[in-house]
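Structure first, then comments.
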Amino acid sequence: MMKLSRVLVANRGEIAVRIIRACQSLGVETVAVVSTADRETMAAQLADRTLCIGPASATESYLKIDTLVAAALGSGCDAIHPGYGFRAESPELADKTRENGLVFVGPQGETMRRMANKLQAREEAKELGIPLLPGSQLMTVGPEAHKVAESIGWPLLIKAAAGGGGKGMKLVFSPDQLEGALSAAGAEALAAFGDGSLYLERFVPKAHHVEVQILGDSHGDVVHLGERDCSVQRRYQKLIEEAPATVLSPELQSSLRQAALVIARNLNYESAGTVEFLVDPEAQKFYFLEVNARIQVEHPVTEMVTGIDLVQAQLRVASGEPLWFRQEDVVMSGHAVEVRINAEDPSDNFRPSPGRITQWEAPRGEGIRLDSHCFEGYVVPPFYDSMIGKLIVSGPNRHEALKKLQTALDAFEVSGITTTMPFLNSLISHPEFQSGDISTSWLENLLRAEAED
Amino acid sequence: MKLTENEVLEIISFFEKSHFGAMQLEVGGVLLDLRKSRLSEATKTTHSFEYGAAAQDASVGSSQVQLSTLNAPALGVLRLAPISDGPTLVEVGSEITKGDIVALIDVLGTMSPVVAEKSGRISALLCEEYSLVEYHQELFELETVDQ
């Protein structure tokens, strides 16, 4: 029984559309909030009501916590869904929403606080006996840094304690690069998060990024919905994601899922979330990275293989409903792959390519899903991220899914803006990607090699 | 296609010099409704609110009454009085001076002032008190007299 009646969608782009559609399926009304640049968006057209919350600049609109809560209260909403990005992982928004008697569709503020500091998250995982990469405590520039770095071994990664999205992250190959990289990473982290604290972690060159989807209710029950392999990354941003992760042996898969559940239970995790790991396929080992306390961009691949609608599930558990299925009821079948399509020009160092879409003919077919807010005539504004959609396909196995994805990308006709579709298609066709023999460094290495040619 | 502020001013200026008494023009969702009144010689310009105060500066001749709007600086609840049930800052008919605070926008208890961008007379209240108003929503109609 859905107890929510009206939800404020505190986001934009494809995820705003995704949340509105999930609400519609559950018979819940929606209020979209938009900046002046987003008045004509699909979310504004689909929502029952649209409120303009500020100018184009996100800091003056989508990031204003008080305005979001005031918009929800003033428009008679009983809940706020934050989507991903913007204020999705802001404990302040979660707390303020709840303090004002509204439902926050996401985890508790306390959970976000504990996981936002990556060092604390590491510490908690360590206490639970979850494997971690050799790493350091808080790091500063100085002789101590060298000593610690030597004990971890080269190459190593500098990471921001408050981190996310690759900001403040630096790969260091040798001692002479350490000090410069620490200063640069510290400055970057300070600018991005207002917190320049850093830590070091061993870098595994042939690693896969594998994450486990978790879903918890407000009654202490939590399940996992399998894992995703998101190893194709550029500047620590994921480009291609798939489920399941074929790199895992059945034993490793089982341990990874159990580790994710241990972490989730320890957090009394509510709503949808992700526990990220690094997997070393050669050593058949995994290491905890972090917890993402939100719905993720790549959630559709999990939906495609489990048949569970994660955004609807978020809304249902947020309304207080206990989980309506048990772990053993979660059945995964087939293989799903998602590509993030951006309005960028890969031949010009991925320069953003905003502008009017003059043609938008999306592929259709069984097992083909497009999550997008774009349409013919829509102007991709220059103010926000450049993602224009996610193309997701599923098939009985990875080979079939990839074949279908290639066909779908070929059939997708977009004009007026430059997109990353041809580039994505070339990656999917690459023999190394086809064989699954890739790592988190694969794409960067490939691009570097191409640039040198 | 959208009109720029300068284009609007140019159209008004052409209209003013013409021998026509009224003119309506719709371009890209913007409606310009211009009239020369024999009695007051007022030129009224109305336009869609994306323009905000675009036509406020459009002057036609001397001593002419113009209508413009005062818009919300933020999304929030419109408060006309600083204290609940207290006297309102302005009412219809109030003469205001540029810089006056004419209303408040309540965002979870934090008040953003609605500041008059020009002097004039409040001729209409366009929103209900205590209602939720959007960013840039028109709150008051303002009559200004240009010398």
Determine the minimum heavy-atom distance between Y135(B) and T36(A), stating which atoms define it. CE2-CG2, 3.5 Å
Pair count under 4.5 Å, heavy atoms only, with chain B: among L73(A), V69(A), N100(A), highest is V69(A)
Please classify the contact between T50(A) and chain B as side chain, backbone, both or neither, with a heavy-atom cut-off of under 4.5 Å. backbone
Measure the CG-CG distance between D66(A) and L75(B) for me, rounded to the nearest 0.5 Å. 11.5 Å
Option in P55(A), A71(A), S35(A) with maximal non-hydrogen atom pairs under 4.5 Å from chain B: P55(A)
Take a 6.0 Å sphere around CD of E91(B) and say whether it holds more than 12 heavy atoms from other residues, nucleotides or ligands. no
What's the shortest heavy-atom distance between S75(A) and L132(B), and which atoms? N-CD2, 3.9 Å
Which distance, rounded to the nearest 0.5 Å, do you find between the CZ of R39(A) and the NE2 of H136(B)? 9.0 Å
Show the nearest heavy-atom pair for residues K96(A) and L108(B), with the distance to one decimal. CD-CD1, 3.9 Å
Distance in Å, T67(A) OG1 paired with I105(B) CD1, rounded so as to fall on 0.5 Å steps: 11.0 Å
